[in-house]
Amino acid sequence: MKLTLSAQVFLINEEGQRILGNEKKWQPLTKAQLSRLYGTEGIIRDPENGRRIYYSRMLYPEWTVLMVADHSIMNQILLEESIMPAVTLLTAIGLLLVAWWRSLQNLHLFYLKLASTLNSDTAHPMDVDKLLETELVKNQVTLRDIEQQSRTDSLTGLLNRQAFNDDIDRLIGQNTDRLTLALIDLDNFKTINDTFGHQTGDEVLKAFASAARAGLDEAVARLYRYGGEEFAVIYTHISPEQAKDMLDAVRLAFSTRKWREGMKHVSFSAGMKTRIDESVQELIAGADTYLYRAKRCGKNKIVDNPQTGDVR
């Protein structure tokens, strides 16, 4: 059980008695809470004490590992995770406002040119037709550029979260053949930022984007920056095994890369889910579950649908 957030870790026996962990921080579980420790792992919410308890049970001996986090920490994590979608939305709104303003400018200039052409003593219908055609082409190019900017991550040059949302909705709506989703998270990225600085962190993000673009076949795989140090890949028209082999080649190449900044190595973990008949939300949740398992299994691994193979 990997410690993935700021929390207190305890080991208890089947009666709920503490075996390991900070005695001063220990708050015994009630009988009701102990009765909810079923299955191999799960979460117990404890609003009265302002905490959330993650547990993982062992078969032999019958002990349970508890990871106890304050609600304030969880709220802070949720706040941080909500910042990226908000920034993406505000960026999209800003680009739409720029597009509206530029359209007004172009329209104003077009009317001035049209009025000048019509008022000319040598005006000819062909001149007006040519002017209209030229302006239409220019506006189409401008709109395409703005649309592309609204779907592109400025740091990595990859497609962004908005593009991912649009594409996954469209592909599932079309019931696209053999659709597989991979969610990717760079391992220990916060430590990289804290140790080497955010500029180095940005270089790591760009390096991953470059390595993934080089290793993925654009004909069947589209790469997105999902948010922060998270990325996504949508595979279509290939088998889950082929999709996993393609991403595993990227993982091996990236984890063995040499870094000038003094870092020994940088790796990533991934979860992959092949769609059967799930909704968008269910597909993403499934891939996210496998990503979490990859993190718990030691990182630098890919976990996918159980029926398609083992953990790599």
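Residue numbers count from 1 along this sequence.
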Shortest non-hydrogen contact from Ile284 to Leu183? O-CD1, 3.7 Å
Is it possible for you to say whether Leu252 and Phe208 belong to one hydrophobic cluster, with membership spreading through side-chain heavy-atom contacts below 4.5 Å? no
Sidechain N-carboxylate O distance under 4.0 Å for Lys206, Glu203: yes
Taking the side chain as everything from C-beta on, heavy atoms only, tell me whether Tyr224 gets closer than 4.5 Å to Asp167. yes
Given 3.5 Å as the limit, does a donor-acceptor pair link the side chain of Arg161 with the main chain of Tyr226, or not? yes
Using side-chain heavy atoms (C-beta onward) and a distance below 4.5 Å, is His265 in contact with Thr256? no
So do Trp259 and Val204 actually touch side chain to side chain, heavy atoms under 4.5 Å? yes
Using modelled atom types only, decide if a donor and an acceptor are shared between the side chain of Thr195 and the backbone of Ile192 within a distance under 3.5 Å. no
May I ask you to test the Arg225-Asn160 pair for a side-chain heavy-atom distance under 4.5 Å? no
Stepwise side-chain contact (heavy atoms from CB on, under 4.5 Å) test for Leu66 and Ile44: CA-CA 10 Å; Leu66 304 180; Ile44 298 175; over 6 Å; no
Within the structure provided, determine whether Asp46 and Glu48 are in side-chain contact (heavy-atom separation under 4.5 Å). yes
Val220 vs Gln242 side-chain heavy atoms within contact, under 4.5 Å: no
Charged N to carboxylate O under 4.0 angstrom, Arg251 versus Asp187? no
Relative to each other, are the rings of Phe268 and Phe254 parallel, tilted or perpendicular (30° and 60° limits)? tilted
I want to check something: taking the side chain as every heavy atom from C-beta on, are Leu216 and Tyr235 in contact at a cut-off of under 4.5 Å? yes
Salt bridge or not for Asp194 and Lys190, using N-O below 4.0 Å? yes
Determine whether Arg51 and Gln8 satisfy the following criterion, side-chain contact (heavy atoms from CB on, under 4.5 Å), listing intermediate values before the conclusion. CA-CA 11 Å; Arg51 60 181 184 168; Gln8 294 293 324; over 6 Å; no
Lys299 vs Asn188, test: side-chain contact (heavy atoms from CB on, under 4.5 Å). Steps then yes/no. CA-CA 9 Å; Lys299 304 180 181 179; Asn188 307 313; 2.7 Å; yes
Is the shortest side-chain heavy-atom distance between Leu37 and Leu29 below 4.5 Å? yes
Taking atom types as modelled, find out whether Ser269 and Asp185 have a side-chain donor-acceptor pair closer than 3.5 angstrom. no
When Asn193, Leu155, Thr156 are each screened for side-chain contact (heavy atoms from CB on, under 4.5 Å) with Asp202, the one that passes is Leu155
